[in-house]
Participant: 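Before anything else, here's the structure in question.
Numbers here are sequence positions counted from 1. For the numbers below, each heavy atom of this structure counts, side chains included, while hydrogens, waters and symmetry mates do not. Start at 1 and go down the list; that is how both ligands and their atoms are numbered.
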Amino acid sequence: MKRVALLGATGSIGRQAIEIVAAHPGLELCAVASGSSPLDDVDAPLKQVGGDLTELLERAQPDVVLNAVVGFAGIHATLWALEHGVDLALANKESLVAAGELALAAMARGGGRILPVDSEHSALFQCLEGSEREQVHSLVLTGSGGPFRGRTRDELGDVTPEQALAHPTWSMGPKITIDSATLANKGLELIEAHYLFGIPYRDIEIVLQPTSVVHSLVRFRDGTTLAHLGYPDMRVPISYALTYPERAATPAAALDFTTLTLQFEPPDTQTFPMLALAREAGERGGTAPCVFNAANEVAVAAFLAGRLPFLAIAEVVADALAQSDGSPARDVHDLLEQDGAARRFAEQGLSVA
Ligand code: NAD
Ligand code: MG
């Protein structure tokens, strides 16, 4: 029996994870946590609403931590799992993006591993299996382009949170849905892919595939490209991460090739500057990705609250990156300080915007 600690149990990923665990006789929940929503309808021996997630993990001693918390709030749970050598099924990309080298160092000390839950990274992980690093030419990260694909900047000036929350292919929590509309999500995923697979940024390409059927691809040195296909359904990567390497059955629908059309197009980086900002933050390294993430979290919350126009999200992030020196964090306290400073700077920017 594999004992799963599910953090973020009331969210979009959390709910689907509960379904996967319930359907698999070899998986059980040993602990569940949420930020503020009640957990009354979830059956688990340990439950926690709010509070310190690492205390819960200490008590639960899980075999695998599924971190499905949204945002930087997931940082301590990610570092706890890596430091203790406990398998980390990672949906909470923000923690890996922000912690970067600190997370990799914790993983090296703990001896554990990260099993990606993000669909693109699960796809890349699967396409990379069994290959040596020198055989890999580059990664191709796919994205849907979000609800505003094809629009010009002029057409984005007055979009509302309701419009931005209407994602064409995925049904997700509000923060990542806005990130998908600005393409910040693909930017976070670029940095996530760099840390997960150790591939330099210049060898990670981003391509739009509007129906979200091709979840990502790996190019190899012999000219082969392996792709991972499936209808958009997060239960598949959740199940893969929780049952790896077993690849348990899921209720996901099989692809129907008689109705399938696959189109690809380049992202419009002029209209969606978050992609270029993320690449810049990633290449700068140090705490630049942490600053990118922190400013984005502040700006997205302000946009959702009706306090910031859509196009200003990227401006808040660009300003925060410009004022930060991005010096590497020596430890987690350092990182928390940098995250806090970036948040305060971004908040000040909001009152001017
Ligand atoms: P969501 O908003 O639906 O759920 C977030 C969950 O986190 C909730 O259960 C909430 O209570 C919990 N939470 C928030 N703050 C917390 C805290 N301080 N302590 C404990 N729990 C806290 O979000 P989501 O869409 O499920 O996304 C979760 C994570 O997974 C994000 O990092 C997102 O980027 C990633 N992800 C989501 C999807 C998706 O399809 N939803 C796909 C890929 C990656
Ligand atoms: Mg994704």
Participant: Give me the nearest non-hydrogen protein atom to atom 34 (O) of ligand 1 as residue plus atom name, then the distance to 0.1 Å.
Facilitator: K93 CE, 3.3 Å
Participant: Using the ring of each side chain (for Trp, its six-membered ring), is H228 parallel, tilted or perpendicular to H215, with breaks at 30° and 60°?
Facilitator: tilted
Participant: Rounded to the nearest 0.5 Å, what separation is found between the CD atom of Q61 and the SG atom of C30?
Facilitator: 9.0 Å
Participant: Atom 44 (C) of ligand 1: which protein heavy atom is closest, and how many Å away?
Facilitator: D118 OD1, 3.5 Å
Participant: Which protein non-hydrogen atom lies closest to atom 5 (C) of ligand 1, naming both residue and atom, and how far is it?
Facilitator: V70 CG1, 3.7 Å
Participant: Is the distance between the ring centroids of W80 and H76 under 6.0 Å?
Facilitator: no
Participant: Nearest 0.5 Å, please: how far is CG in L90 from NE2 in H121?
Facilitator: 9.5 Å
Participant: What do we get for V69 next to ligand 1 when only non-hydrogen atoms under 4.0 Å count, side chain, backbone, both or neither?
Facilitator: both
Participant: Checking a contact table here: which protein heavy atom is nearest atom 33 (C) of ligand 1, and how many Å away?
Facilitator: I176 CD1, 3.9 Å
Participant: What part of E94 sits under 4.0 Å from ligand 1 if we count only heavy atoms: the side chain, the backbone, both or neither?
Facilitator: side chain
Participant: Atom 3 (O) of ligand 1: which protein heavy atom is closest, and how many Å away?
Facilitator: S12 N, 2.9 Å
Participant: Would you call the rings of Y244 and F125 parallel, tilted or perpendicular, where under 30° means parallel and over 60° means perpendicular?
Facilitator: perpendicular
Participant: Do Q126 and R247 meet the criterion of a side-chain donor-acceptor pair at a distance under 3.5 Å?
Facilitator: yes
Participant: Starting from atom 28 (C) of ligand 1, locate the nearest protein heavy atom and write down its residue, its atom name and how far away it is, to 0.1 Å.
Facilitator: A68 O, 3.3 Å
Participant: Would you mind listing which atoms of ligand 1 come within a distance below 4.0 Å of any non-hydrogen atom of S34?
Facilitator: 11 (O), 20 (C), 21 (N), 22 (C)
Participant: Starting from atom 35 (C) of ligand 1, what is the nearest protein heavy atom, named by residue and atom, and what distance separates them?
Facilitator: A91 O, 3.1 Å
Participant: Which of the atoms in ligand 1, numbered in the order shown and given with their element, are less than 4.0 Å from a heavy-atom of A73?
Facilitator: 18 (N)
Participant: Yes or no on salt bridge (Lys or Arg N to Asp or Glu O under 4.0 Å) for D118 and K93, after CA distance, side-chain angles and deciding distance?
Facilitator: CA-CA 8 Å; D118 215 350; K93 64 193 89 182; 2.9 Å; yes
Participant: Run the numbers for me: atoms of ligand 1, each under 4.0 Å from some heavy atom of T10, listed by number.
Facilitator: 8 (C), 9 (O), 10 (C), 11 (O)
Participant: Roughly how far apart are L141 CG and E192 CD, rounded to 0.5 Å?
Facilitator: 8.5 Å
Participant: For E189, what is the atom name of its N, O or S atom nearest to the Mg ion (ligand 2)?
Facilitator: OE2
Participant: Examine G14 against ligand 1 and note whether any of their N/O atoms are separated by less than 3.5 Å.
Facilitator: no
Participant: Any non-hydrogen atom of A33 lying under 4.0 Å from ligand 1?
Facilitator: no
Participant: Tell me yes or no: between the side chains of N185 and E189, is some donor less than 3.5 Å from an acceptor?
Facilitator: yes
Participant: Do NZ/NE/NH1/NH2 and the carboxylate oxygens of R221 and E134 come within less than 4.0 Å?
Facilitator: no
Participant: Out of all atoms in ligand 1, which are within 4.0 Å of some heavy atom of I13? Include the element for each.
Facilitator: 26 (O), 30 (O), 37 (C), 38 (C), 39 (C), 40 (O), 41 (N), 42 (C)
Participant: Mind checking the OG-CG spacing from S216 to L139? Nearest 0.5 Å is all I need.
Facilitator: 8.0 Å
Participant: Tell me if the centroids of the rings in H194 and Y201 come within less than 6.0 Å of each other.
Facilitator: yes
Participant: Does ligand 1 have a heavy atom under 4.0 Å from the side chain of M234, from its backbone, from both, or from neither?
Facilitator: side chain
Participant: Using a 4.0 Å cutoff against the non-hydrogen atoms of N92, which atoms of ligand 1 qualify?
Facilitator: 32 (O)
Participant: I need the atoms of ligand 1 closer than 4.0 Å to a non-hydrogen atom of A9, numbered in the order shown.
Facilitator: 9 (O)
Participant: Report the member of S95, G35, S122, G8 with the shortest heavy-atom distance to atom 17 (C) of ligand 1.
Facilitator: G35
Participant: Please report which non-hydrogen protein atom sits nearest to atom 25 (O) of ligand 1, along with the residue it belongs to and the distance in Å to one decimal place.
Facilitator: G173 N, 2.8 Å
Participant: Could you tell me if S212 and T169 have a donor-acceptor pair between their side chains, going purely by distance under 3.5 Å?
Facilitator: yes
Participant: Between OG1 of T271 and CZ of R149, what distance do you get to the nearest 0.5 Å?
Facilitator: 12.5 Å
Participant: To check your reading of the site, what angle at the Mg ion (ligand 2) do OE1 of E120 and OD1 of D118 form, to 10°?
Facilitator: 100°
Participant: Output yes when the distance from some N or O of ligand 1 to some N or O of Q16 is under 3.5 Å, and no in every other case.
Facilitator: no
